[in-house]
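Order of appearance sets the numbers: ligands from 1, and atoms from 1 within every ligand. The structure displayed is predicted, hence computed values, not measured ones.
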Amino acid sequence: MPALDSYVTLGRSGLRVSPLTLGTMTFGEDWGWGADPETSHQLLSTYLDAGGNSIDTANIYTNGHSEKIVGDFLAARPGLRDRVVLGTKFFGNLHLGDPNGGGAGRKSLIEQCEQSLRRLQTDYVDLLWLHNWDRSTPIEETLRALDDLVRDGKVRYLGFSDVPAWVASEAQTIAHFRGWSPVVALQVEYSLLARTVEGAQIPMARAHGMGVMPWSPLKNGHLSGKYRRDRAVPEDSRRAGMVSGTSEAECAVVDEVDAVAAELGAAPAAVAIAWVMGRPGVASTLLGARTPKQLQANLTALDVTLDDVQRARLDAVSVPALEFPAQYLAHAPILQFAGATVDGVTHAANPPLAGSRTRY
Ligand SMILES: NC(=O)c1ccc[n+]([C@@H]2O[C@H](COP(=O)([O-])OP(=O)(O)OC[C@H]3O[C@@H](n4cnc5c(N)ncnc54)[C@H](OP(=O)(O)O)[C@@H]3O)[C@@H](O)[C@H]2O)c1
């Protein structure tokens, strides 16, 4: 795996980011399971000292406290702010009862950006993300307001998060033809326990020049090695008190991660993160950690190299059920090319579906 200072360009852009981005949803204690400011600053130091340059936060994380913690850290270190790629998100409403306090309308998102800049104590963010789809605002309005923020120098690049693929696709096409700032990155949930984004989101991102930044690569810690079928949920974890609800299929994935980790002498979390990092379309994977020890373990994903057999085992045990037409279309080349080799892909002369009762 590449080192933290083996930077990659994010999507179809010239923005260089580390292959792992430091997530800061765990910064601040307002949500009951985060780190205090001092520990959060240790996490930032550990990541940056190792060569990392990309930090992800959001206005809504611990109700603004996460941004404040990051802003205090950067403000205390002159010159550092311009060296890091600082991303934040708008959408989450911090002013309950005010219908324009959140969402993606022009009034709302410009004000949210201004408030984020104040908490982060900076004049600009490198990446501004639409955190969720706002189904009641026309996408043109959101895009045009975002483009104004870029032109005003308050934002360098744009990203989308948790938006239906058809919306992101439509938005990118509109931005392209109107000459507005493009969306260069996409945040989606992606891990060995959450792979449905392989159906539409990731192919869409690759086609539209959006670098994928997977979030929750450990499925909230589920793939860290501490959740096992025969063990109680640790008291100090974010999942404490939740009904476990882990299915047999999910346990099988955890078992396979453990088995590969044992073969490599690696931490299960490192194996799970390395699997995500190596998936097509993935640019920079978001790390979540509450303690320096967790962060150190997760950074060792950079030392893990999964061979083809190990990757195939992990792929097989976690294979997702994709929404129509992804699975249906997997057979289309066989039907279309009838045994010929096209674009370097050879398709069997006798399709595996021949003889099945399915008719196309
Ligand atoms: N765009 C979005 O909608 C969205 C949504 C979610 C997250 N994100 C971003 O993605 C980042 C990562 O998400 P995430 O925090 O959910 O990631 P995650 O890696 O799936 O989960 C992180 C949590 O797992 C536990 N953990 C992590 N490493 C561990 C280790 N080595 N050993 C044992 N436990 C470990 C810790 O929780 P406990 O110690 O409490 O168990 C930690 O807070 C966030 O910080 C945020 O920046 C974005």
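If you look at M25 next to ligand 1, the close heavy atoms, those under 4.0 Å, come from the backbone and the side chain alike. Residue L218 touches ligand 1 through backbone and side chain together, judged by heavy-atom distances below 4.0 Å. Heavy atoms of H131 found under 4.0 angstrom from ligand 1 belong exclusively to the side chain. Neither the backbone nor the side chain of T291 comes within 4.0 Å of ligand 1, counting heavy atoms alone. Contact annotation for Q187 and ligand 1: only side-chain heavy atoms (C-beta onward) come within less than 4.0 Å of the ligand. Only the side chain of A297 comes within 4.0 Å of ligand 1, judged by heavy-atom distances.
Under 4.0 Å is where a charged nitrogen must lie from a carboxylate oxygen, and between D315 and R311 no such pair does. Ion pairing of E111 with R118 is present here, as a side-chain N (NZ or NE/NH1/NH2) and a carboxylate O approach within less than 4.0 Å. Salt bridge E250/K219: absent, no basic N to carboxylate O contact under 4.0 Å. A salt bridge is absent between R16 and D126: the closest approach of a Lys/Arg side-chain nitrogen to an acidic carboxylate oxygen does not fall below 4.0 angstrom.
Of all atoms in ligand 1, numbered sequentially from 1 with element shown, those under 4.0 Å from a heavy atom of D56 are 9 (C), 46 (C), 47 (O). Taking every heavy atom of K219 and a limit of under 4.0 angstrom, the matching atoms of ligand 1 come to 20 (O). Counting the atoms of ligand 1 from 1 in the order shown, those under 4.0 Å from a heavy atom of D162 are 1 (N), 2 (C), 3 (O). Close contacts of ligand 1 with G221, meaning ligand atoms under 4.0 Å from a residue heavy atom, involve 20 (O), 21 (O), 24 (O), 25 (C). Atoms of ligand 1 lying under 4.0 Å from at least one heavy atom of N220, given by number and element, are 16 (O), 18 (P), 20 (O), 21 (O), 24 (O). Near T26, meaning under 4.0 Å from one of its heavy atoms, ligand 1 places the atoms 43 (O). Near T24, with a cut-off below 4.0 Å to any heavy atom, the atoms of ligand 1 are 45 (O), 47 (O).
The line from CG of L286 to CG of L218 is 11.5 Å long, rounded to the nearest 0.5 Å.
Of the possible polar contacts, one joining the N298 side chain to the G288 backbone as a donor-acceptor pair under 3.5 Å is found.
Nearest residue to atom 1 (N) of ligand 1 from G23, P217, A301, S161 is S161 (criterion: closest heavy atom).
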Q. Could you walk me through whether Y124 and D82 pass the side chain to side chain donor-acceptor pair (under 3.5 Å) check?
A. CA-CA 10 Å; Y124 70 99; D82 290 336; 2.7 Å; yes
Audit row: D148, K154, salt bridge (Lys or Arg N to Asp or Glu O under 4.0 Å) steps and yes/no
CA-CA 9 Å; D148 282 348; K154 293 180 177 170; over 6 Å; no
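Within the structure, ligand 1 has Y61 among the residues with a heavy atom less than 4.0 angstrom away.
Where the criterion is an N or O separation shorter than 3.5 Å, residue side chain and backbone included, K89 fails it with respect to ligand 1.
Sequence neighbours left out, the pairs with a member in residues 173-182 that pass side-chain hydrogen bond (donor to acceptor under 3.5 Å, both in side chains) are D147-S181.
With L127 as the partner, the side-chain contact (heavy atoms from CB on, under 4.5 Å) test is satisfied by one option alone out of D56, L15, T21: L15.
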